[in-house]
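So that the names make sense, note that chain A is the first sequence line, chain B the second, and so on, each numbered from 1.
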2 protein chains.
Amino acid sequence: MSATTLRELGLHVTPQRLAVLEAVASHQHSTADRVLELVRANIGTISRQAVYDSLSALVDAGILRRIEPAGSPARYETRVGDNHHHVVCRTCGSLADVDCAVGDAPCLTAASDQGFIIDEAEVVYWGTCPQCAGQLQTTA
Amino acid sequence: MSATTLRELGLHVTPQRLAVLEAVASHQHSTADRVLELVRANIGTISRQAVYDSLSALVDAGILRRIEPAGSPARYETRVGDNHHHVVCRTCGSLADVDCAVGDAPCLTAASDQGFIIDEAEVVYWGTCPQCAGQLQTTA
DNA sequence: ATTTCAGACTTGATTTAGTCCAGATTTGGA
DNA sequence: TCCAAATCTGGACTAAATCAAGTCTGAAAT
């Protein structure tokens, strides 16, 4: 499936790209560095540059989504096209998916858009993950 | 007002901090680098580190808000406590304020919160600013 | 007015995340 | 098969921010 998908999008099919795709698919929300590790563990060798190039190509092609929460390096995920959002733990930085609260286009219409033509509304929820919340209680 | 505010919050009142505060107040959405320039133009000399220190102290004290849109260095603004959001232009990176679409707490309740304790919902609208939209039309 | 010291500031090195570059290699379609 | 375009490699480089160690200063207490 993956190889075919790449070819249909006019992208050359390379072992590196397939491995990058595989790494993100099996480890959602990975950073570029994590993908580098995963791919090396998988196919033995790949350059950092190739990882960045592959990730950008796949993001541009719409196969991957790049998310960049404040205070964290960019992360990548395969779930695209469904406009879901994310929760970030303030304590440990962990990240989880969250479905849209209101139908499938929450808050997409701003009250006053300042004349901007808006094409996407990105929502990031900030809080504390279950694990960190538990630890806070026990230490308190 | 500013000096008093700082003192009330238990922060030392220093010329650097006052100048940083002034710079952000008069130039909303500035980056740390821009603040550095502005303050130097104003009081003559300040270290980069002092700018970062002051900005963090003021953010921690709740006087400033830090926003970090993807692909941009951190920006600072004085408008705090009203939970407004931002529009970012994909073309030129310019940033504008946007009031909440739905009352004063849009999308704050996620559909499935994954067990996270959510304390803030941050919304970033992406699109094209009036200027860039105009230029695209003329060039097309 | 002086003393005192935690907090603030300075300089300079370091880290992190990511990009740029130039040359070698590989890919897919004619 | 063959070639131009696309991709990969390794290293140098940049931007943004942080760390470290020493010096200075605001403001509370004498």
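Legend: ring-ring contact (aromatic ring centres under 6.0 Å, His included) pairs involving residues 21-46 of chain A, not counting sequence neighbours, sorted by first then second residue: A/H29-A/H86. Evaluation of the ring-ring contact (aromatic ring centres under 6.0 Å, His included) test over residues 53-73 of chain B, restricted to residues two or more places apart or in two chains, returns none.
With DNA chain D read from its 5' end, the first of the two nearest nucleotides for B/A74 and A/R17 is the one closest to A/R17.
One interatomic measurement links the two molecules: CD of B/Q16 to C1' of D/dG26, which rounds to 11 Å at whole-angstrom precision. Here the C1' atom of nucleotide C/dA8 and the CG atom of B/L9 are 16 Å apart, to the nearest Å. In this structure, the CD1 atom of B/I46 is 18 Å from the P atom of D/dC24, given to the nearest Å. Rounding to whole angstrom units, CD1 of residue A/I43 and C1' of D/dT7 are separated by 13 Å.
The side-chain hydrogen bond (donor to acceptor under 3.5 Å, both in side chains) test applied to A/Q16 returns no partner, not counting sequence neighbours. For the side-chain hydrogen bond (donor to acceptor under 3.5 Å, both in side chains) test, residues two or more places apart in sequence or in another chain that qualify with B/R90 are A/D119, A/E120. Applying the salt bridge (Lys or Arg N to Asp or Glu O under 4.0 Å) test to B/E68 and every residue at least two apart in sequence or in another chain returns nothing. Scored by the salt bridge (Lys or Arg N to Asp or Glu O under 4.0 Å) test, B/E77 finds B/R65 as partners (sequence neighbours excluded). Every residue meeting the side-chain hydrogen bond (donor to acceptor under 3.5 Å, both in side chains) condition with B/Q28, not counting sequence neighbours, appears here in chain and number order: B/T78. Listed by chain and number, the residues in a side chain to side chain contact (heavy atoms under 4.5 Å, CB included) with A/T31 are A/D33, A/R34, A/P73, A/R75 (sequence neighbours excluded).
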Please set out all donor-acceptor pairs under 3.5 angstrom arising from side-chain atoms of residues 53-61 of chain A, sequence neighbours excluded.
from: A/D53; atom 1: OD1; to: A/Q49; atom 2: NE2; distance (Å): 2.9
from: A/S54; atom 1: OG; to: A/A50; atom 2: O; distance (Å): 2.8
from: A/S56; atom 1: OG; to: A/Y52; atom 2: O; distance (Å): 2.6

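Contacts between residues 47-71 of chain B and DNA chain D, defined by a heavy-atom separation under 4.0 Å, are made by B/Q49, B/Y52. Within a heavy-atom distance below 4.0 Å of DNA chain C, no residue of residues 26-40 of chain A is found.
Among all heavy-atom pairs drawn from A/L18 and A/V13, the shortest one is CD1-CG1, 3.9 Å. Between A/C92 and A/C129, the closest heavy-atom pair is SG-SG, 3.8 Å.
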Identify each atom pair where a protein N or O and an N or O of nucleotides 26-30 of chain C are less than 3.5 Å apart, giving names and distance.
from: C/dG28; atom 1: OP1; to: A/V13; atom 2: N; distance (Å): 3.3

